[in-house]
Amino acid sequence: MDIQRILPQNLSAIKAVALRLKPGDDVKFALDNYVKEQNIKAACIITCVGSLEQASIRYANKPLAETITGKFEIVSLSGTLARSGSHLHIAISDGNGKMIGGHLKEGSLVYTTLEIVIGILPE
């Protein structure tokens, strides 16, 4: 197998930045604010671990977000970030392991901590 045929010729570097959010922080607001403050044109979520005490999620094919409260583990957070806006999906689980997910909206609040690694795409 010729690796040259698989990979694009002009690979760009990615810069990783780790963020830690504290109890009560709004996840989407914090991410959008960080991107604007740092003047980041394009970025993506590499990984995320943490917990929420409140989640605001817009489920598939629904016009409005739903806000739920409780103690939730973040199972996955993925998506893209830019100065012009973000598109983030989240999956969370409750104390019984029941999972739900959809579009992350403002109003999703950190419970104990949240550690996020963002990949900044310079090109």
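Between atom CG of residue D94 and atom CD of residue E73 there is a gap of 10.5 Å, rounded to the nearest 0.5 Å. A distance of 6.5 Å separates CD1 of I118 from CD1 of I40, quoted to the nearest 0.5 Å. Remark: E106 CD to L31 CG distance equals 10.5 Å, nearest 0.5 Å. Interatomic distance, I100 CD1 to I92 CD1, rounded to the nearest 0.5 Å: 4.0 Å. Taken from OH in Y111 to CG in L52, the straight-line distance is 11.5 Å, to the nearest 0.5 Å.
Across all non-hydrogen atoms, the minimal contact from Y59 to E66 is CE1-OE1, 3.4 Å. Contact detail for R58 and N61: the closest heavy-atom pair is NH1-N, 4.4 Å. Minimum interatomic distance between S93 and M99 (heavy atoms only, all atoms of both residues): CB-CG, 3.7 Å. Closest heavy-atom contact between D32 and S86: OD1-OG, 2.8 Å. A pairwise comparison of heavy atoms in S108 and S56 identifies OG-N, 2.9 Å as the closest pair. In terms of heavy atoms, R83 sits closest to V35 at N-CG1, 3.5 Å.
Looking only at side-chain heavy atoms (C-beta outward), Q54 and I68 stay at 4.5 Å or farther from each other.
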Check your understanding: Between L21 and D26, does a side chain to side chain contact (heavy atoms under 4.5 Å, CB included) hold up when you go through it step by step?
Key -> CA-CA 8 Å; L21 302 183; D26 185 307; over 6 Å; no
Practice item. Could you go through the side chain to side chain contact (heavy atoms under 4.5 Å, CB included) check for I74 and L114 one step at a time? Key: CA-CA 9 Å; I74 296 176; L114 189 67; 3.1 Å; yes
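In this structure, H103 and H87 have parallel ring planes: the angle between them is below the 30° cut-off, well short of the 60° mark.
Counting heavy-atom neighbours within 6.0 Å of K62 NZ, excluding the residue itself, gives a total of 12 or less.
The cluster map of Ile, Leu, Val, Met, Phe, Trp and Tyr, joined by side-chain heavy atoms under 4.5 Å apart, puts V17 and I46 in different clusters. Taking hydrophobic clusters as Ile, Leu, Val, Met, Phe, Trp and Tyr residues chained together by side-chain heavy-atom distances below 4.5 Å, L109 does not share a cluster with V75. Under the 4.5 Å side-chain heavy-atom criterion for grouping Ile, Leu, Val, Met, Phe, Trp and Tyr, V49 is not connected to V110 through any hydrophobic cluster. In terms of hydrophobic clustering, with Ile, Leu, Val, Met, Phe, Trp and Tyr side chains grouped at heavy-atom distances under 4.5 Å, L88 and Y34 are assigned to a common cluster. The hydrophobic clustering, which links ILVMFWY residues whose side-chain heavy atoms are closer than 4.5 Å, places I120 and L19 together.
Salt-bridge formation is detected for the pair E115/R20: a Lys NZ or Arg NE/NH1/NH2 atom is positioned less than 4.0 Å from an Asp or Glu carboxylate oxygen.
When only modelled atom types and interatomic distance are considered, T112 and S51 share a side-chain donor-acceptor pair under 3.5 Å.
With L104 as the partner, the side chain to side chain contact (heavy atoms under 4.5 Å, CB included) test is satisfied by one option alone out of I57, I45, I90: I90.
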